[in-house]
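Working notes, structure below.
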Amino acid sequence: MTANEEIERFLNKAQDLVDDGLDELLETKIIRENDLSDYSYIQHQLHELVEEADQLMDQYPDQRNRLAELQRKIKEIQEVMVKGIY
């Protein structure tokens, strides 16, 4: 797998997880009346994505800007999720 393919795979994975996180926030608030089980799992996965982005930055320094921007977006989503649940 080339560097671009690996970065694109990671970016797609991150986007899917971010979408899942926002969906989970809505479901937690509306449908499950603040049952946080799946919500916590998504938060954990988002945290792991940030760590994986760090590793990819070390491996592909030329992609640092893209990955740093993704990390910023993930952290924003995490903050939205935390503020949205309380």
Query raised in the report: Which heavy-atom pair separates L17 from L46 by the least distance, and what is that distance?
Result: CD2-N, 3.7 Å
Query raised in the report: Which heavy atom of M81 sits nearest a heavy atom of G21, and at what distance?
Result: CE-O, 3.5 Å
Requested in this report: Can you measure from CD1 (I77) to NZ (K73) and round to the nearest 0.5 angstrom?
Outcome: 9.5 Å
Report task. Could you walk me through whether L56 and Q59 pass the side-chain contact (heavy atoms from CB on, under 4.5 Å) test, one step at a time? Result -> CA-CA 5 Å; L56 288 171; Q59 191 174 354; 3.9 Å; yes
Report summary line: Here the gap from Y60 atom OH to N4 atom CG, rounded to the nearest 0.5 Å, amounts to 9.5 Å
Query raised in the report: Side-chain donor-acceptor pair under 3.5 Å between Q43 and H47, yes or no?
Result: no
Query raised in the report: Could you give the distance from CD (Q55) to CD (E51), rounded to the nearest 0.5 Å?
Result: 7.5 Å
Query raised in the report: For the atom pair CD1 (I42) and CG (L22), what is the distance rounded to the nearest 0.5 Å?
Result: 9.5 Å
Report task. With L49 as reference, evaluate L70, V18, I74, D54 under the side chain to side chain contact (heavy atoms under 4.5 Å, CB included) test and give the passing residue. Result -> I74
Query raised in the report: If you take all heavy atoms of I7 and Q63, which pair is closest and at what distance?
Result: CG1-CG, 3.7 Å
Query raised in the report: Do E69 and N65 have side-chain N/O donor and acceptor atoms under 3.5 Å apart?
Result: no
Requested in this report: Give the intermediate values and the outcome of side-chain hydrogen bond (donor to acceptor under 3.5 Å, both in side chains) for residues Q15 and D19.
Outcome: CA-CA 6 Å; Q15 184 61 55; D19 292 343; 2.9 Å; yes
Query raised in the report: Got a salt bridge between E52 and R9, using NZ or NE/NH1/NH2 to carboxylate O under 4.0 Å?
Result: yes
